[in-house]
Amino acid sequence: MSRSVKEITQTDGLVTMYCCGPTVYRDAHVGNLRTFLLADLIARTIALTGLEVQLIQNITDVGHMADDFQEDGAEGDKMLAESKRTNIDPFEIARRYEERFHQDLARLNVIPADLYPKASENMTEMIAAIEELIANKSAYVGSDGSVYFDAASCASYGAISGNKLDSLKPGHRYEYVDEGGKRFHADWALWKVAGGRTQMIWDSPWGPGFPGWHIECSVMSINLLQAHANVHIGGIDLRFPHHENERAQSNALTKQETVDTWVHGEHLLFEGRKMSKSAGNVVLLQDVIDRGLDPLSLRFSLLENRYRSQMDLSWASLEAAHATLRRWRTAMTEWGNGDDVKFDQEVIYALTNDLDTPRAMQRLRTVEKDSTLGALDKRAIFLFADQVLGLDLARPAIQKALPAEIAALLAERAQARADKNWPTSDLLRAQLEEAGLEISDGPTGQSWSWK
RNA sequence: GGUCGGAUGGCCGAGAGGCGAGGCAAGGGACUGCAAAUCCCUCUACACGGGUUCAAAUCCCGUUCCGACCUCCA
């Protein structure tokens with residue numbers, strides 16, 4: 001366990017990966033998507049080096065926040081709060097946002113995981129795991145009837161985050177609220193008794209209740225990946241406590257180091273600030289699309305920063321990405337056609353060197369300008385890189401048929417130009433641009449393309 | 001208070017002892033009836049103070065400022 005760059009492990013040519021997925025009570029914003037993209041980039045890079053990848057990403061459709069801590073106003077469980085607000089069944093909310101999550105991933109060209117297990121469908125397995133942890137003496141039933149994990153039972157607790165158990169004194173950041181039921185402040189709930197709750201609760205040996213926040217990932221990753229994952233991915237904020245606790249649970253269950261490499265993606269800021277409802281700067285992929293930008297310009301922008309550095313996204317950078325994407329696609333069609341792929345040492349070096357996507361992007365800009373390379377070679381190198389970058393670089397810039405009324409306007413404008421009727425010509429150009437065309441006048445007359 | 005990062009041109013961002021990455025914006029030019037798009041050209045930098053070295057944006061010491069995590073979160 002170290003916090004440095006190391007080689008990804010494999011077993012007989014197979015790399016198993018687990019990525020902490022969304023809690024489906026709202027839309028994923030572009031920051032969430034950055035983390036999901038990270039899993040895709042790692043999976044694609046590993047695949048490009050000739051290894052097989054198995055990727056699992058969970059869907060959290062069981063609220064896990066219930067009064068674990070109190071901040072002013074003490075939100076309860078997020079799923080239930082949203083359910084109460086909208087008066088819709090919590091499971092229906094979950095299904096709705098799950099669908100939108102998959103849609104966002106598809107629009108970002110994220111290759112789907114092999115499985116998207118749901119917390120709600122693994123209840124039996126979670127309960128069995130909790131029973132095993134109690135039998136192991138890693139967990140206990142607290143005085144309030146809930147089940148808690150005994151943090152001190154994990155000798156190496158803190159290996160991921162660097163947090164030492166005895167320095168984890170309560171109350172540095174929040175008012176500490178004594179939950180009463182647990183023996184030690186660093187312990188955490190595996191199963192919470194229902195209390196006054198009536199929705200989203202399940203029967204268990206400890207009475208009706210619901211699972212704690214961390215146990216679902218332990219259980220699903222162990223069960224679906226044969227008790228061992230080569231790579232486990234999540235956002236930086238999950239490093240502590242989620243992954244730390246998950247590791248303690250998983251290792252207690254499998255009696256081994258369950259995960260070889262923990263990868264954490266840094267946060268995305270938007271125009272200098274952390275995205276939050278209160279700051280009013282939450283940006284969804286749909287917002288990017290609504291601005292007339294290709295959703296892959298988000299992917300492009302994210303690729304221009306290293307995954308483990310904090311990144312500031314802005315409309316200016318998305319617009320720049322959109323423009324370059326268009327230029328590259330246009331260049332690709334000019335360079336030729338076909339699917340030939342040319343292995344490029346620099347691209348592969350950048351990607352396998354701790355996923356240096358900015359350098360891979362830089363390489364493409366260099367290739368684009370390199371006059372010693374032939375057009376077909378350029379295209380083939382771009383296609384090679386695109387296997388990981390996933391920017392649909394081979395997609396032709398023009399993809400829609402021209403509607404008849406637009407064609408008529410074009411003809412009208414060609415006539416106006418022939419007549420040197422500039423005011424009419426300019427008016428028509430404005431109309432055509434409004435309709436999404438881009439008009440250019442050159443020595444051979446008027447030409448157009450889709451914006 | 002603890003732990004870990006960071007400070008590079010108008011802006012975003014790589015680089016980690018010696019050749020000023022790149023992008024955006026800006027200015028100039030080509031093209032155009034005029035534009036847009038595109039192409040060509042131009043411009044500019046390493047937070048501060050010491051030190052090490054033939055040579056420091058890069059290494060060391062100190063200072064200032066910013067951020068992340070420290071039981072909601074991607």
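Naming: A, B, ... by sequence-line order, numbering from 1 per chain.
Residue order along RNA chain B, read from the 5' end via each residue's closest nucleotide, puts A/W188 first among A/W188 and A/C20.
Taking side-chain N and O atoms only, A/R26 has a distance below 4.0 Å to OP1 or OP2 of B/A74. Distances shown here put a side-chain N or O of A/S309 below 4.0 Å from the OP1 or OP2 atom of B/A14. Considering only side-chain N and O atoms, A/K369 lies under 4.0 angstrom from the phosphate OP1 or OP2 of B/G23. When the side-chain nitrogen and oxygen atoms of A/R327 are compared with OP1 and OP2 of B/C39, one or more of them lie within a distance under 4.0 Å.
Counted by atom type alone, A/N421 and A/T424 present one or more donor-acceptor pairs between their side chains at under 3.5 Å. Counted by atom type alone, A/D356 and A/Y349 present zero donor-acceptor pairs between their side chains at under 3.5 Å. Looking only at atom types and distance, the side chain of A/R413 has a donor-acceptor partner in the side chain of A/Q446 under 3.5 Å away.
Pairing for B/U3 is with B/A68, a Watson-Crick or G-U wobble pair whose two hydrogen-bonding atom distances lie under 3.5 Å. B/G49 is paired with B/C61 under the Watson-Crick or G-U wobble criterion, all donor-acceptor distances under 3.5 Å. Of all nucleotides present, none satisfies the Watson-Crick or G-U wobble test against B/C43 with each distance under 3.5 Å. For B/C54, the paired base is B/G18 (Watson-Crick or G-U wobble, both distances below 3.5 Å). In this structure, B/A30 and B/U38 make a Watson-Crick or G-U wobble pair, each of the two defining distances being under 3.5 angstrom. The partner of B/G9 is absent, by the rule that a Watson-Crick or G-U pair needs both atom distances under 3.5 Å.
The side chain of A/T23 has B/A74 as its nearest neighbour among B/A74, B/G22, B/G15. Residue A/R413 has its side chain nearest to B/G33 when only B/G33, B/A68, B/U32 are considered. When the nucleotides B/A37, B/C34, B/A74 are ranked by their closest atom to the side chain of A/E438, B/A37 comes out on top. Which of B/A68, B/U32, B/G22 sits closest to the side chain of A/Q310 comes down to B/A68. Between B/A74, B/G33, B/A35, one nucleotide has an atom nearer to the side chain of A/T35 than all others, and that is B/A74. Checking B/G2, B/G22, B/A14 against the side-chain heavy atoms of A/R365 singles out B/G22 as nearest. The A/R417 side chain lies nearest to B/U32 when the options are B/U32, B/A74, B/G13.
In this structure, the CG atom of A/L303 is 14 Å from the C1' atom of B/G23, given to the nearest Å. Across the protein-nucleic acid pair, A/L190 atom CG and B/U71 atom C1' stand 14 Å apart, rounded to whole Å. Atoms NE2 (A/H214) and P (B/A74) sit 13 Å apart, rounded to a whole Å.
Between the side chain of A/R429 and the base of B/C34 there is at least one donor-acceptor pair of N/O atoms closer than 3.5 Å. Residue-to-nucleotide contacts include a donor-acceptor pair under 3.5 Å from the side chain of A/D426 to the base of B/G33. The base of B/C34 lies close enough to the side chain of A/D441 for a donor and an acceptor atom to sit less than 3.5 Å apart. With hydrogens and angles left out, the side chain of A/S317 and the base of B/G23 share no donor-acceptor pair within 3.5 Å. Contact of A/H242 with B/U71 (side chain to base): no donor-acceptor pair of N or O atoms is detected under 3.5 Å.
Note on A/G265: nothing from the nucleic acid sits closer than 4.0 angstrom, heavy atoms only. Residue contacts shown for A/H29 include a base, since a base heavy atom lies under 4.0 Å away. At a threshold of 4.0 angstrom between heavy atoms, the contacts of A/R363 with the nucleic acid are absent. Residue-level contact check: A/L268 touches the bases, meaning some heavy atom is under 4.0 Å from a base atom. Among the atoms of the strands shown, base atoms are found under 4.0 Å from some heavy atom of A/I439.
We find that the ring of A/W422 and the base of B/G33 stack, their centres lying under 5.5 angstrom apart and their planes tilted less than 30°.
Side-chain atoms of A/T35 never come within 3.5 Å of backbone atoms of A/G234 as a donor-acceptor pair (strictly under, hydrogens ignored).
In summary, of the residues considered (A/K378, A/R363, A/R327), a salt bridge (charged side-chain N to carboxylate O under 4.0 Å, His left out) with A/E368 occurs for A/R327 alone.
Relative to the six-membered ring of A/W315, A/R291 meets both conditions, a distance below 6.0 Å and an angle of at most 45° to the axis.
The line from OG1 of A/T324 to CZ of A/R365 is 5.5 Å long, rounded to the nearest 0.5 Å.
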